[in-house]
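Shown next, in structure tokens, is the structure this report addresses.
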Amino acid sequence: MPELPEVETIRRDLTSRILNKTLNEISVLHKNFLTKSKISLTELLTLKGKKLLSLERKGKYLFLNFEEKTLIFHLGLTGALILDLHPIPENLKKHHLLTMTFEQNTLHYIDIRKFGKIYLIDSLKISFFLNRIGPDALQIEFEKFRELLQKHNLKIKTLLLNQRLISGLGNIYTDEVLFRAKINPERLSNTLSEEEIKSLYEIMKSLLKEAILLRGSSVKNYVDGEGKRGKFQERHLVYGKKGRPCPECGTPLQYKKINQRGTVFCPNCQK
DNA sequence: ACATGCGCCTGAGTGC
DNA sequence: TGCACTCAGGCGCATG
């Protein structure tokens, strides 16, 4: 669900409200949540009394850096981190998994499909975790990006979705980026020309930045740290629009499963 | 190296 | 209205 722009929006929202505050209380409202995350309650409770020193993001992962420890969130498909949501809407109560109270603010973790996960890591060992995630799509340098595409023989869509290779893009942004770059999602990454790589790189970055300015895409459940919807879905050109005319040439947009992921593209514009 | 299928969850939508 | 089925923003794992 939350891809790079959404996680970045949440990071900024939380930073403005709870940075440098002390975590006073944690309550786990759903035991399986910790079991799945492989964290014991005792371990989690060691965060109590610690100050939140910074909030960082790499790809779709959000890092809450406390004194000595880092709590990492991956929001899966439907995870939401919302501050001071009260009352909790009736239909969300059974998906409310965790609350963390930072002085006067309470952060709620709500996750309908429960694909989200948390990790608790000793700050000294954080680089091990970071190294398993590919370079962030907004940070990666052009030369690295080109090298990445050239050394793999993967469909470009598959490559962009692989978080170990490049992190932050999910199904929505991948389809939107490839459409704007006029590249067919099934093109093998090592067959792209220098021009195409350059255009893909530039479009990927500018699209992500634009989506952050619009506070992300709310297709179904996504809301930001204040519980509000994003606006970038209004600028989607292909995602969720199979069969509709291509905004460039009018050809019906085609739908196909690539890598088990629904993919929408224009068979005429995307070569 | 790369592709494919499954499982983890819940809710919304469709067709009968 | 009920039921069966498909689909959905992700990812890890097993198999070929």
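Reckoned from all heavy atoms, side chains included, excluding hydrogens, waters and symmetry mates. Values in this document were obtained by computation on a predicted structure and should not be read as measured data. Chain identifiers are assigned alphabetically (A, B, ...) following the order of the sequence lines, protein sequences preceding nucleic acid strands; residue numbering begins at 1 within each chain.
Between A/Tyr255 and C/dA8 there is a side-chain polar atom (N or O) within less than 4.0 angstrom of OP1 or OP2. In this model, the phosphate group of C/dG9 is not approached by any side-chain N or O of A/Tyr173 to a distance below 4.0 Å at OP1 or OP2. Side-chain N/O atoms of A/Lys94 include one lying less than 4.0 angstrom from OP1 or OP2 on B/dG11. The phosphate of B/dC9 (OP1 or OP2) has no side-chain N or O of A/His95 nearer than 4.0 angstrom. Close to B/dA1, at under 4.0 Å from its OP1 or OP2, lies no side-chain N or O of A/His152.
None of A/Asn171, A/Asn184, A/Thr174 except one satisfies the side chain to side chain donor-acceptor pair (under 3.5 Å) rule with A/Lys157; the exception is A/Asn171.
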*DNA chain B in dot-bracket, Watson-Crick or G-U pairs under 3.5 Å, [ ] crossing, | other strand?*
.|||||||.|||||||

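Between A/Leu98 and A/Ile26, the shortest heavy-atom distance links the atoms CD1-CG2, 4.0 Å.
Regarding A/Leu165, its CG atom lies at a distance of 10 Å from the P atom of B/dA1, rounded to whole Å. Rounded to whole Å, the distance from CG on A/Asn162 to C1' on B/dC2 is 11 Å. For the pair A/Leu188 CG and B/dC2 P, the computed distance is 9 Å after rounding to whole Å. Going from atom CG of A/Leu92 over to atom P of B/dA12 covers 10 Å, rounded to whole Å. Residue A/Arg113 contributes atom CZ, which lies 10 Å from atom P of C/dA8 at whole-angstrom precision. Computed from coordinates, the A/Asn190 CG to B/dC2 C1' distance equals 12 Å when rounded to whole Å. Here the C1' atom of nucleotide C/dG9 and the CD1 atom of A/Ile112 are 12 Å apart, to the nearest Å. Taking atom CD of residue A/Glu186 and atom C1' of nucleotide B/dC2, one finds them 14 Å apart after rounding to whole Å.
Note on A/Ser217: a base of the nucleic acid sits closer than 4.0 angstrom, heavy atoms only. Residue contacts shown for A/Lys151 are absent, as no nucleic acid heavy atom lies under 4.0 Å away. Across all strands shown, A/Lys242 has no heavy atoms under 4.0 Å from either base or sugar-phosphate atoms. Residue A/Tyr222 is in base contact, counting any heavy-atom pair closer than 4.0 Å across all strands shown. Among the protein residues, A/Asn221 comes within range of the nucleic acid bases, having at least one heavy atom under 4.0 Å from a base atom.
For A/Lys21, the NZ atom is densely surrounded, since the number of other residues' heavy atoms within 6.0 Å is greater than 12.
The side chain of A/Val219 has C/dG9 as its nearest neighbour among B/dT4, B/dC9, C/dG9.
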_Is there a ring pair (Phe, Tyr, Trp, His ring centres under 6.0 Å) between A/Phe265 and A/Phe179? Walk through the geometry before answering._
CA-CA 6 Å; A/Phe265 63 102; A/Phe179 174 73; 10.0 Å; no

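Side-chain N/O atoms of A/Thr99 and A/Ser27 include a donor and acceptor closer than 3.5 Å. Of the N and O atoms on the side chains of A/Asn65 and A/Glu56, at least one donor lies less than 3.5 Å from an acceptor on the other residue. Side chains of A/Asp175 and A/Tyr173: a donor-acceptor N/O pair is absent below 3.5 angstrom, by distance only. If you check the side chains of A/Lys114 and A/His95, you find a donor sitting under 3.5 Å from an acceptor.
The side chain to side chain donor-acceptor pair (under 3.5 Å) test applied to A/Tyr239 returns no partner, not counting sequence neighbours.
Between C/dG2 and B/dC9, the distance separating the two C1' atoms is 23 Å to the nearest Å. Separation of the C1' atoms belonging to C/dA8 and B/dA3 is 22 Å when rounded to the nearest angstrom. Rounded to whole Å, the separation between the P atoms of C/dC5 and B/dC6 comes to 15 Å.
Contact check on A/Glu195 versus A/Lys198 returns no salt bridge, with no Lys/Arg side-chain nitrogen under 4.0 Å from an Asp/Glu carboxylate oxygen.
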_Protein proximity profile, nucleotides 11-16 of chain C - base contact B, sugar-phosphate-only contact S, no contact -, cut-off 4.0 Å on heavy atoms_ = S-----

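The 5' end of DNA chain B is approached more closely, in terms of each residue's nearest nucleotide, by A/Asn153 than by the other of A/Lys220 and A/Asn153.
For A/Arg132 and A/Phe129, the positive end sits near the middle of the six-membered ring, less than 6.0 Å away and at most 45° from its axis.
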